[in-house]
Engineer: 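Pasting a structure here, questions to come.
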Amino acid sequence: MSQKAKTAITPTREENFPEWYQQVIKAADLAENSPVRGSMIIKPYGWAIWENMQGIFDGWLKDYGVQNASFPLLIPVSFLSKEAEHVEGFAKECAVVTHHRLEADPDGNGLRPAPAAELEEPYVVRPTSETIIGDAMARWIQSYRDLPLKLNQWCSVMRWEMRTRIFLRTSEFFWHEGHNAFEDHEGAKADCLHVLDLYEKFFTDVLAIDGFKGIKTEEERFPGANETYSFEVMMQDGKALQASTTHDLGTNFAKTFDIKYQTKDGGEALCHTTSWAFTTRMIGALIMMHGDDDGMIMPPRIAPQQVVILPVLKGENDEAIMAYCADIATQLKKKGIRAKVDARDMRTPDKMWDAIKKGIPLRVEVGGREMDEAQVTHVRRDLGRESKTTEALEEFVAGASGILDAIHDDMLTRVRSFRDENTHEGQTLADIEAFFKAGKTGLVKVPVSVLDDPGLEAVKKAYGLSARNMPFADNGQAVLIGKAY
RNA sequence: CGGGCUGUAGCGCAGUUUGGUAGCGCGCUUCGUUCGGGACGAAGAGGUCGGAGGUUCAAAUCCUCUCAGCCCGACCA
């Protein structure tokens with residue numbers, strides 16, 4: 001207060017956004033780089049977010065009739081090569097397993113793959129599982145009665161990225177991948193749109209994120225898909241991030257893997273398949289959308305810990321205060337709130353900053369003053385000290401989930417305003433160029449006819465732009481252009 | 001994979017030009033006073049200077065190779 005406002009994170013977003021992002025991850029103890037190039041270690045606090053994401057979304061998928069299964073990590077190279085566009089898309093970023101045994105290096109340099117143990121057919125570490133699941137589907141589907149078949153797996157995949165960024169683009173990343181098969185195009189398309197709606201609901205209702213639901217342009221489509229639908233979100237630096245996609249694969253994979261069924265009238269027909277996913281990059285999105293110069297701000301519904309209770313001890317009545325805190329935690333837990341007393345042997349201000357950097361949505365401070373009056377003092381992470389409120393314990397417990405909901409709603413509102421303020425209407429390629437030439441950040445929305453402008457490629461190249469998607473909100477008549485992660 | 005920058009204590013850095021065998025701040029440990037928005041004093045612990053070769057009496061420092069990270073580009077969830 002007396003000093004200038006000091007931020008917990010250096011540099012600030014304004015000063016250096018990419019570095020700020022790294023520092024938040026470090027300060028909030030979410031993840032770190034590992035000895036493996038391009039692969040991160042997701043630490044317990046970061047993994048807890050992913051577990052919450054899985055827990056919620058998995059339930060929704062099951063409600064939709066999706067069954068979980070597990071397919072091999074290793075995929076025969078021949079499988080991948082079957083679908084021409086698919087191979088082309090992934091071939092250059094596959095890790096390849098060529099040997100099944102190590103032996104002592106004759107030059108004394110530790111171990112090496114044994115030349116005698118070379119595989120006849122190499123495997124690739126799955127970059128995605130369309131092919132191996134397609135192969136299984138071909139055997140599992142016989143009749144129209146077997147359709148639709150809806151499968152999903154939670155797993156990690158590997159894409160050998162040239163340039164990695166923690167959470168946003170790592171060689172190994174975690175995701176869920178759904179793979180469904182339908183009788184016809186209508187079924188597949190409806191599936192893509194339905195799952196896209198589930199994603200939207202997940203982002204808005206759980207992650208307090210909103211963006212643009214739409215269709216990818218032809219060149220941005222998934223390799224092997226007839227149509228790709230995406231949900232694009234905007235980070236605080238104005239760059240877009242593809243938060244999730246659903247793909248209408250048509251009969252492309254059905255043809256190559258022979259996924260056929262007998263129709264009601266005894267004929268034979270190819271299945272229409274889909275695939276869709278979201279990944280651990282969503283954690284990166286949470287940071288870049290919600291974080292501030294003091295660190296992370298967790299959306300309450302995904303926060304590993306929703307409420308932290310800080311005992312303010314002064315050497316008098318400490319035990320009573322601790323007991324009072326424990327009771328508050330118990331009462332909150334009974335209401336289904338993830339609350340915990342921070343009983344660590346640390347100074348109170350240090351605990352506070354730890355909670356701030358980790359982004360715990362609601363901080364409760366309890367000392368002798370509160371205990372004597374049966375009250376609590378609480379502060380919202382998203383609003384900071386200005387939101388400090390003291391109220392009766394009973395009242396607080398009754399209204400706590402309401403406070404968390406209010407935090408969620410306010411975060412979502414802020415994200416939406418930011419998105420709207422940084423989405424600019426344009427009419428021509430010249431509008432796009434003028435915008436980025438001026439060094440502005442955000443997305444520019446122009447009529448789809450601009451995609452046919454022969455000068456578009458040069459402008460995209462000059463400013464590092466790409467077509468994000470064609471939003472449903474504009475009936476596919478407009479396209480969003482901007483920088484992206 | 002191209003271009004640029006960077007690897008020195010848990011974190012952030014100085015020292016490298018002009019080789020002489022390592023330092024600062026924060027953090028950490030102990031004690032005391034403290035604790036409601038980043039406390040203070042005192043005493044401590046902690047580094048084969050990313051790795052491997054080489055030059056030299058001597059290498060964080062010079063040379064070669066290599067690994068990793070960041071930024072820009074191409075590619076991508």
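Values below: every heavy atom of this structure, side chains too, minus hydrogens, waters and symmetry copies.
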Engineer: Using the P atom on both, measure B/rG7 against B/rC63 and round to a whole Å.
Structural biologist: 15 Å
Engineer: According to side chain to side chain donor-acceptor pair (under 3.5 Å), who are the partners of A/Trp154, at least two apart in sequence or on a separate chain?
Structural biologist: A/Asp58
Engineer: Determine the Euclidean distance between corresponding P atoms of B/rU16 and B/rG27; express it in Å to zero decimal places.
Structural biologist: 28 Å
Engineer: If you check the A/Lys357 side chain, which of B/rC75, B/rG36, B/rG38 turns out closest?
Structural biologist: B/rG38
Engineer: Extract from the structure each pairing of a protein N or O with an N or O of nucleotides 29-31 of chain B at less than 3.5 Å, listing the distance.
Structural biologist:
none

Engineer: State whether A/Lys351 places a side-chain N or O below 4.0 Å from either non-bridging phosphate oxygen (OP1 or OP2) of B/rG38.
Structural biologist: no
Engineer: Strictly by ring-ring contact (aromatic ring centres under 6.0 Å, His included), give each pair with a member in residues 283-307 of chain A just once, sequence neighbours left out.
Structural biologist: none
Engineer: With nearest nucleotides of RNA chain B determined for A/Thr245 and A/Gly368 from heavy-atom distances, which residue corresponds to the more 5′ nucleotide?
Structural biologist: A/Gly368
Engineer: Check A/Lys388, A/Arg363, A/Glu370, A/Arg369 against A/Thr377 for a side chain to side chain donor-acceptor pair (under 3.5 Å) and give me the one that passes.
Structural biologist: A/Glu370
Engineer: Would you please confirm or rule out a distance under 4.0 Å between OP1 or OP2 of B/rC72 and any side-chain N or O of A/Arg163?
Structural biologist: yes
Engineer: Who pairs with A/Glu232 by salt bridge (charged side-chain N to carboxylate O under 4.0 Å, His left out), at least two apart in sequence or on another chain?
Structural biologist: A/Lys216, A/Arg468
Engineer: Need to verify one output field. Residue with the more 5' nearest nucleotide on RNA chain B, A/Asn16 or A/Tyr485?
Structural biologist: A/Asn16
Engineer: List for me each residue that meets salt bridge (charged side-chain N to carboxylate O under 4.0 Å, His left out) alongside A/Glu395, sequence neighbours excluded, and say none if there are none.
Structural biologist: none
Engineer: Could you pull out the protein-nucleic contacts involving nucleotides 68-70 of chain B (nitrogen or oxygen on both sides, under 3.5 Å)?
Structural biologist:
| unit_1 | atom_1 | unit_2 | atom_2 | d |
| --- | --- | --- | --- | --- |
| B/rA68 | OP1 | A/Arg37 | NE | 3.1 |
| B/rA68 | OP2 | A/Arg37 | NH2 | 3.1 |
| B/rG69 | OP1 | A/Gly38 | N | 3.1 |
| B/rC70 | OP2 | A/Thr164 | O | 3.4 |

Engineer: Salt-bridged, A/Arg221 to A/Glu227, with N to O below 4.0 Å?
Structural biologist: yes
